[in-house]
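Everything below concerns the one structure shown next.
Remember, it's 1-based here, ligands and their atoms both numbered in the order they're listed.
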Amino acid sequence: MNDTGTETLARRQPGAIKLHGPDAFAAMRKAGQLTAEALDLLAPLVKPGVTTDAIDRAVFEFAMDNKAFPATLYYHGYPRSCCTSINHVVCHGIPSDKPLKEGDIVNIDVTLIVDGWHGDASRMYAVGDIPRRAMRLLEVTYECLEKGIAAVKPGATTGHIGEAIQRHAEAERCSVVRDFCGHGLGQLFHDEPNILHYGSAGEGVVMKPGMLFTIEPMINLGRPHVKILSDGWTAVTRDRSLSAQFEHTIGVTETGVEIFTRSPKGLDFPDQPGPPLPALI
Ligand code: MF3
Ligand code: CO
Ligand code: CO
C-alpha cells in the first residue's frame, strides 16, 4: 500500500521502513513549508519579556488560520502546540507564563499536520544579546545538523549521519545528547527509523530513496547527560550546561536529500544576514 492509507507500525512488516512516492513528497513539501513559515513568524516575537505561552498561542492560531493542526497538542497528554526549551532545557520544554529574558537561548519546536502529513522542525532563537559561548553553541549545533544532512544519500547508513554529527560536536568540545533521536515520519508523527545523532558509519539502516525522517541533534556545552523534570516532559542537562537543537524534516531522494522545512525567509539560523544595508554615502 502506498501513501494513501493509514498504515501503522503494527500492521507493517517488522523492520520494514516505508518508502514514499512523489505524492507523499509533494504533501511533505507542503507540511514542511507551513511548519517553516510558523517558525519564521515567531522570529520577531522572541524578545525579552515575551512569555512562551504567547509564542505557543501564535503557533496555535497560525495552525488554525492555515487548516493545520499542531501535532504536539494532546500528543501522549502533552498540553501545548509547540515545545519551548530555554538555556539548559534540552527539549520538550512546556510553554508557560514565564517571560523570556535578555541573554536566553530558546529552541522552538513546531510540528504541523497538513492534510494528514507531518512537518517537524525546530530552531534556536536568541533573546536580545546572548553570551559568546551561547552563540558558539548555536553555531556548532547548526553545523552538526548541516553535516548530518550532508551524510544523507541512498546506500549510506543512518550511522553515517550520527558519525558526522558526533565527530563535529566533539571536535568542538561539545557533547551529543543520547537520550533522544530523530525519527521517521509522514502520516505518523514518530515512526521508524530512529536517527541517532552519534555512532559509526555502517550502523543503523541503509538509506533508500523515499524514506522520510527528521534529523534533530541536541548538543550540550557540558556533559551529555539529561534528566526529566517532575512535569514528566521537560528534559534538562544534569550539569545545567547550555543545550541547543536544530531540526529539519528531510526525504531521501535518488541522488541525495530534499529538505522540506527550510525557512522561506532564510531564517534557519538566528543571525542569518538581514536585507542588504543601503550603500554608505
Ligand atoms: N517535535 C518533537 C520532535 O521533534 C516532539 C515533541 S513531542 C511533545 O520529535 F509531546 F513533547 F511535544
Ligand atoms: Co522530531
Ligand atoms: Co520536532
Side-chain angles (χ1 to χ4, degrees), residues 9 17-18 28 31-40 42 52-53 55-60 62-63 68-86 89-96 106-114 117-125 141-142 144-145 148-149 152 158 161-162 165 176-197 211-219 226-236 243-252 257 259-263 268:
L9 265 183
I17 293 162
K18 196 168 169 67
M28 289 299 284
Q33 278 308 287
L34 198 71
T35 304
E37 261 185 62
L39 293 176
D40 283 359
L42 300 176
T52 45
D53 269 341
I55 291 167
D56 183 69
R57 272 196 300 278
V59 172
F60 183 77
F62 179 81
F69 193 83
T72 58
L73 189 56
Y74 315 128
Y75 180 76
H76 295 281
Y78 186 82
R80 292 288 190 276
S81 300
C82 63
C83 299
T84 51
S85 302
I86 304 168
V89 178
V90 172
C91 63
H92 303 165
I94 305 173
S96 76
V106 58
N107 173 279
I108 307 179
D109 191 336
V110 172
T111 308
L112 293 183
I113 309 175
V114 182
W117 295 84
H118 292 74
D120 185 6
S122 81
R123 297 180 202 156
M124 298 302 298
Y125 299 79
T141 308
Y142 188 74
C144 282
L145 174 58
I149 292 171
V152 175
T158 54
I161 302 170
I165 293 169
V176 178
V177 171
R178 309 292 204 270
D179 301 64
F180 301 97
C181 57
H183 50 92
L185 80 175
Q187 290 174 303
L188 296 177
F189 188 0
H190 291 112
D191 200 352
E192 293 180 63
N194 281 341
I195 306 297
L196 306 188
H197 304 116
M211 284 184 183
L212 305 172
F213 54 83
T214 71
I215 305 178
E216 47 181 301
M218 283 142 274
I219 307 295
V226 311
K227 66 176 181 187
I228 309 292
L229 299 187
S230 58
D231 60 20
W233 287 104
T234 310
V236 300
S243 187
Q245 178 180 29
F246 288 87
E247 173 177 26
H248 273 312
T249 296
I250 65 105
V252 183
V257 64
I259 303 170
F260 297 120
T261 45
R262 270 251 195 261
S263 164
D268 289 302

Set out, in order, the CA-CA distance, both residues' side-chain angles and the distance that settles side-chain contact (heavy atoms from CB on, under 4.5 Å) for Ile215 and Leu145, then state yes or no. CA-CA 7 Å; Ile215 305 178; Leu145 174 58; 3.8 Å; yes

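- Contact detail for His92 and Trp233: the closest heavy-atom pair is CB-O, 3.5 Å.
- Proximity of a side-chain donor or acceptor of Thr72 to a complementary backbone N or O of Arg80 within less than 3.5 Å is detected.
- Proximity of the aromatic rings of His190 and Tyr75 is defined here by a centroid distance below 6.0 angstrom, and this criterion is met.
- Among the backbone and side-chain atoms of His190, no N/O/S atom is found under 2.8 Å from the Co ion (ligand 2).
- Between the side chains of Asp40 and Ser263, at least one donor N or O lies within less than 3.5 Å of an accepting N or O.
- The 4.0 Å heavy-atom shell around ligand 1 contains residues Thr72, Tyr75, Tyr78, Cys83, His92, Asp109, Thr111, Asp120, His183, Phe189, His190, Glu216, Trp233, Glu247, ordered by chain and number.
- Looking only at distances, no side-chain donor or acceptor of Thr234 sits under 3.5 Å from a matching main-chain atom of Gly93.
- Looking at every heavy atom in both residues, Ala63 comes nearest to Leu112 through CB-CD2, 3.9 Å.
- Within the 4.5 Å cutoff, side-chain heavy atoms of Leu212 are placed close to those of Trp117.
- The two atoms that bring Pro95 and Tyr78 nearest to each other are CD-OH, 3.5 Å, heavy atoms only.
- Excluding waters, the set of protein N, O or S atoms lying under 2.8 Å from the Co ion (ligand 3) comprises Asp109 OD1, Asp109 OD2, Asp120 OD1, Glu247 OE1.
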Trace of the side chain to side chain donor-acceptor pair (under 3.5 Å) decision for His197 with Glu216: CA-CA 8 Å; His197 304 116; Glu216 47 181 301; over 6 Å; no

